[in-house]
Protein chains: 2
Amino acid sequence: MSRPSEYTRNNILKAAVALFAERGYDGTSIRAIVSKARVNQAAINYHFKGKEGLYFEVLKVAFEGYLRFDNFDPERLKDMSREEALRSFVYQQLRPLLARDQMIRYIRIFAWENVRPSKVLTNFVKTGAMPFLASATELVRRFLPPGTSDQDAMCTAISLMGQCSVFVRNREQFTKPPFNLKIDEAFVARLSDFISELALKGMARQL
Amino acid sequence: MSRPSEYTRNNILKAAVALFAERGYDGTSIRAIVSKARVNQAAINYHFKGKEGLYFEVLKVAFEGYLRFDNFDPERLKDMSREEALRSFVYQQLRPLLARDQMIRYIRIFAWENVRPSKVLTNFVKTGAMPFLASATELVRRFLPPGTSDQDAMCTAISLMGQCSVFVRNREQFTKPPFNLKIDEAFVARLSDFISELALKGMARQL
DNA sequence: GCTGAATTCAAACGCTTGTTTGAATTTTGA
DNA sequence: TCAAAATTCAAACAAGCGTTTGAATTCAGC
C-alpha cells in the first residue's frame with residue numbers, strides 16, 4: 001500500500017468522522033463524504049467495501065482514539081487509598097469535558113451509537129464500557145459495608161458514573177445560556193473534587 | 001373534521017411515533033409510516049403538510065404525553081420537609097423506568113432529539129427540562145450552606161439528576177445480561193430510597 | 001337529493017441514494 | 001522498460017425518497 005492511496009483512505013476517514021458525528025449514519029450521504037474528502041465516490045467501495053464498512057472503520061478509529069485519550073488503567077486505582085482512587089476515577093470520567101476537535105467528534109459518534117446501536121460493534125463498544133463499570137463497582141465496594149449485595153454495589157457504581165456522565169453528555173448545552181458554565185481544566189478539577197466529596201460522604205454509612 | 005379522517009390522522013401519528021422512536025427521523029421513510037398506518041401516502045402531506053410537519057406533531061404529542069405521565073408539580077415539593085422533598089423528587093426522576101409501551105417510545109424519541117436536535121422545537125423541549133433543573137436547584141439549596149454559589153448549587157442539582165437519568169437512559173441495557181436488573185415498582189422504590197439517602201448524606205456538610 | 005368542501009387515492013415527478021461498471025491512470029516489482 | 005496489480009475515475013444503474021397532481025370518493029349541510 002502506497003502513500004498516495006493512504007492519503008485517499010485517511011481523507012475519507014477524516015471526512016466520515018466529522019459527518020457521522022454531526023449527522024449520524026442515516027443522515028450522512030456518500031456524496032457528502034466524498035465531497036468533503038475530495039475523492040472519487042468509488043473509493044469508498046474500493047477501500048471500505050461500502051458505506052457500512054466505512055462506518056465500522058470509523059467506529060473502530062473512534063474507539064481506539066478514545067482509549068488513547070482516556071488512558072484508563074484500572075490497576076492504578078488499586079494502589080491508591082480509596083479516597084484517592086475515588087477522586088482519580090471521577091476525574092477520569094469528567095476528562096472528556098476537556099476534549100477538543102477530533103475527540104469531540106468521537107464522543108458524538110458514541111452518542112449516536114447509544115440511540116442507534118450498530119449490530120456488529122455493539123459488543124465492541126459495550127466491552128469498552130464494561131471496564132469502567134467493573135472498576136467503579138470494585139471501587140465503591142471499598143466504601144460500602146462488607147455484606148452489600150452485588151446489585152446494590154452495582155447501582156451505587158452506576159449512580160456514581162451518572163453523576164459524571166450527565167455533565168459530559170450535555171456539555172454543549174451547559175456552555176450556553178442560561179447555564180454559561182466555563183468548562184476548563186480548573187472547572188473540571190473543582191467538579192471532580194466536588195463530586196468525589198459528595199460521593200464519599202454519601203457512601204460513608206459506617207465510618 | 002369527521003371521525004373517519006380522525007382515524008386516518010391518528011393511525012399516521014401512532015405509526016410515526018413507533019417508527020421515529022425506533023429509527024429516528026432520517027432512518028424513517030414516509031413509505032414505512034404509511035405502510036404501518038395502512039393509509040395512503042398523500043395523507044401525510046394533507047394532514048401534516050409533509051414529513052417534517054408530522055415529526056413536529058409527533059414531538060408535541062410525545063411531550064404532552066410525557067408531561068401527563070410525569071405529573072410533575074414543583075409547588076408540592078415546597079410543602080414537604082426537605083428529606084421528603086428530596087425522596088419525592090428522586091422518585092419522580094426514576095418513574096420513567098416504569099414506563100410502558102407508548103411512553104417508552106416517547107422517551108426514545110427524546111433520546112433521538114438529544115443527539116439530533118430539531119431546530120423548531122429545541123426550545124420547547126428545553127423549556128420542558130428547565131422546571132426540573134430549577135426545582136432541583138431550589139431543593140438542594142435547602143441542604144447546602146447558605147453562601148453556596150449559584151454555579152455550585154446548579155452543579156449539585158445536575159449531578160443529582162445525573163444519578164437518576166443514567167438509569168433511565170440505559171434502562172434497556174440494564175435489563176439484559178450481564179446486568180439483569182429486574183425493574184419493577186419495588187426496584188424503583190428501593191432505588192429512590194438509595195439515591196436520596198446517598199444524596200442526603202453527601203450534602204450533609206453541616207447539620 | 002344536490003352541491004361544494006373535505007378527504008383519499010394511484011401514480012407521476014424530480015431528485016437522491018449506495019453500488020457497480022469498465023476504462024483510464026498510477027504504482028509496483030522484476 | 002514492461003507487465004500486472006492497485007487505484008482512481010466518470011458515469012450508469014436500480015432503487016428509494018418526499019412532494020405533487022388531478023381524479024375519485026366521501027362527507028357535510030342545506
Side-chain angles (χ1 to χ4, degrees), chain A residues 1-61 109 112-113 116-121, chain B residues 1-61 109 112-113 116-121:
Chain A
M1 181 162 62
S2 62
R3 290 184 65 88
S5 74
E6 279 190 11
Y7 279 119
T8 303
R9 194 176 187 280
N10 286 335
N11 283 345
I12 295 173
L13 268 175
K14 195 174 171 186
V17 166
L19 289 172
F20 284 142
E22 182 187 334
R23 305 176 186 171
Y25 182 81
D26 296 311
T28 301
S29 69
I30 293 288
R31 284 169 174 81
I33 294 170
V34 297
S35 175
K36 192 176 182 66
R38 295 171 176 264
V39 301
N40 186 275
Q41 191 161 324
I44 289 184
N45 284 279
Y46 180 78
H47 284 279
F48 302 99
K49 289 191 170 70
K51 187 181 181 182
E52 198 171 56
L54 172 59
Y55 184 66
F56 291 153
E57 193 64 32
V58 162
L59 276 186
K60 189 176 159 194
V61 164
I109 284 169
W112 279 101
E113 269 293 303
R116 187 196 179 279
S118 45
K119 301 254 166 57
V120 176
L121 286 188
Chain B
M1 181 163 61
S2 63
R3 289 186 64 89
S5 75
E6 280 190 10
Y7 279 119
T8 303
R9 194 177 189 280
N10 287 336
N11 283 345
I12 295 173
L13 269 175
K14 194 174 171 186
V17 165
L19 289 172
F20 283 142
E22 182 188 332
R23 306 175 186 174
Y25 182 82
D26 296 313
T28 301
S29 69
I30 293 289
R31 283 168 175 81
I33 294 170
V34 297
S35 173
K36 191 175 182 67
R38 295 171 175 263
V39 300
N40 186 277
Q41 194 161 320
I44 288 183
N45 283 278
Y46 179 78
H47 284 278
F48 302 99
K49 292 192 167 70
K51 186 181 181 183
E52 199 171 56
L54 172 59
Y55 183 66
F56 291 152
E57 194 63 33
V58 163
L59 277 186
K60 189 176 159 195
V61 164
I109 285 168
W112 279 101
E113 270 293 303
R116 186 195 180 279
S118 46
K119 300 252 167 59
V120 177
L121 285 189

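Bear in mind that the values here come from a model prediction, so they are computed numbers and not experimental data. Reminder, nothing fancy here: chain letters follow the sequence lines and each chain counts from 1.
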Among residues two or more places apart or on two chains, list those pairs meeting salt bridge (Lys or Arg N to Asp or Glu O under 4.0 Å) that have a residue in residues 45-56 of chain B.
-> none
Terminal helix-axis angle for the helix from C:dG1-D:dC30 to C:dA30-D:dT1, with five pairs defining each axis and rounding to 10 degrees | 20°
Which atoms form the tightest heavy-atom contact between A:His47 and A:Ser5, and what is the distance?
-> CE1-O, 3.7 Å
Over how many whole Å does the gap from [X] atom [atom1] to [N] atom [atom2] extend?
X: A:Tyr46; N: C:dT25; atom1: OH; atom2: C1'; result: 13 Å
X: B:Arg38; N: C:dT8; atom1: CZ; atom2: P; result: 16 Å
X: B:Arg9; N: C:dT8; atom1: CZ; atom2: C1'; result: 16 Å
X: A:Glu6; N: D:dA6; atom1: CD; atom2: P; result: 15 Å
X: B:Ile33; N: D:dC17; atom1: CD1; atom2: C1'; result: 12 Å

Once base and sugar-phosphate atoms are separated, protein heavy atoms under 4.0 Å mark nucleotides 13-20 of chain C, 5' to 3', with B, S and - as ----BBBB
Below 4.0 angstrom from OP1 or OP2 of C:dT8, is there any side-chain N or O of B:His47?
-> yes
So, is B:Ser5 close to the C:dT7 phosphate, meaning a side-chain N or O under 4.0 Å from OP1 or OP2?
-> yes
Per-pair distances, 0.1 Å, donor-acceptor, side chain in residues 10-25 of chain B, under 3.5 Å, sequence neighbours excluded:
| from | atom 1 | to | atom 2 | distance (Å) |
| --- | --- | --- | --- | --- |
| B:Asn10 | ND2 | B:Glu6 | O | 3.3 |
| B:Asn11 | ND2 | B:Tyr7 | O | 3.4 |

Donor-acceptor pairs are to be reported for all side-chain atoms of residues 29-45 of chain B against protein atoms at under 3.5 Å, with residues two or more places apart or in another chain.
| from | atom 1 | to | atom 2 | distance (Å) |
| --- | --- | --- | --- | --- |
| B:Ser29 | OG | B:Ala32 | N | 3.1 |
| B:Asn40 | OD1 | B:Ala42 | N | 2.9 |

From A:Tyr55 atom OH to A:Trp112 atom CH2, the distance as rounded to the nearest 0.5 Å | 9.0 Å
